[in-house]
Amino acid sequence: AQSVTQPDIHITVSEGASLELRCNYSYGATPYLFWYVQSPGQGLQLLLKYFSGDTLVQGIKGFEAEFKRSQSSFNLRKPSVHWSDAAEYLCGVGATNAGNMLTFGGGTRLMVKP
Amino acid sequence: EPEVTQTPSHQVTQMGQEVILRCVPISNHLYFYWYRQILGQKVEFLVSFYNNEISEKSEIFDDQFSVERPDGSNFTLKIRSTKLEDSAMYFCASSGPGGAQAFFGQGTRLTVV
């Protein structure tokens with residue numbers, strides 16, 4: 001069965017500082033990997049995804065993530081955080097077939113200090 | 001930009017009542033999903049739907065749940081007899097012909113009292 005672990009429940013960073021959110025997954029084959037952002041009372045907005053190819057993927061809002069197969073990780077990074085980045089970040093893994101279910105991690109709540 | 005639309009945004013219902021949560025997926029999408037998030041917990045998969053039938057469902061999706069695509073645009077989740085523990089945010093999602101990337105709606109917060 002597939003599973004996702006986000007080890008950090010809460011992270012606080014200062015505005016302008018760099019950010020890395022950790023995500024580890026368990027999956028028997030090559031997974032599809034996603035990062036979503038969830039603002040309070042909002043739905044899930046896709047930040048970026050990895051299906052195949054280049055292991056460093058770029059997303060919206062200046063985010064990037066790197067797929068490391070050897071570490072079963074897909075960590076999300078941003079070089080300089082803005083106050084508007086404060087939100088819940090969800091890492092997800094899915095199978096490669098169409099219509100598959102996504103399994104999400106528990107999320108990391110990011111707080112940004114002025 | 002096309003988006004998944006869910007109505008209502010918040011619904012309060014009494015225990016034992018039936019509720020129907022409604023979703024309008026993105027128009028050319030073929031795969032439809034329901035997820036839920038109990039307050040403070042993970043987003044959990046409930047069911048996926050393709051070609052007018054359920055393609056996958058989780059253990060959560062028991063006999064009190066059902067899904068339907070009553071026409072060419074709507075996708076509904078029915079809970080027949082709500083329990084207190086059904087209180088959660090319910091997210092609808094859809095994905096296109098390629099299938100893998102899901103687009104989520106804003107969610108319906110269901111409160112069972």
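Every chain is numbered from 1, with letters handed out A, B, ... down the list of sequences. Computed over heavy atoms, backbone and side chain alike; hydrogens, waters and symmetry mates excluded.
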Which bit of B:Tyr50 is near chain A, if near means a heavy-atom gap under 4.5 Å: side chain, backbone, both or neither?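 Neither; nothing under 4.5 Å.
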Contact class of B:Gln41 relative to chain A, heavy atoms under 4.5 angstrom: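 For B:Gln41, no heavy atom lies under 4.5 Å from chain A.
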Decide whether B:Tyr35 and B:Leu30 are clustered together by the hydrophobic rule: side chain heavy atoms of Ile, Leu, Val, Met, Phe, Trp, Tyr closer than 4.5 Å, transitively. yes
Is A:Leu90 in contact with chain B via its backbone, its side chain, both, or neither, using a 4.5 Å heavy-atom distance? side chain
Can you check whether A:Phe63 and A:Tyr89 have ring centres sitting under 6.0 Å from each other? yes
Does the salt bridge (charged side-chain N to carboxylate O under 4.0 Å, His left out) test come out yes or no for A:Lys61 and A:Asp85, once each step is laid out? CA-CA 9 Å; A:Lys61 304 184 181 187; A:Asp85 293 325; over 6 Å; no
Examine the side chains of B:Tyr33 and B:Ser95 and answer whether a donor and an acceptor come within less than 3.5 Å of each other. yes
For chain A, the option from B:Val43, B:Leu46, B:Val47 that forms the most heavy-atom pairs under 4.5 Å: B:Val43
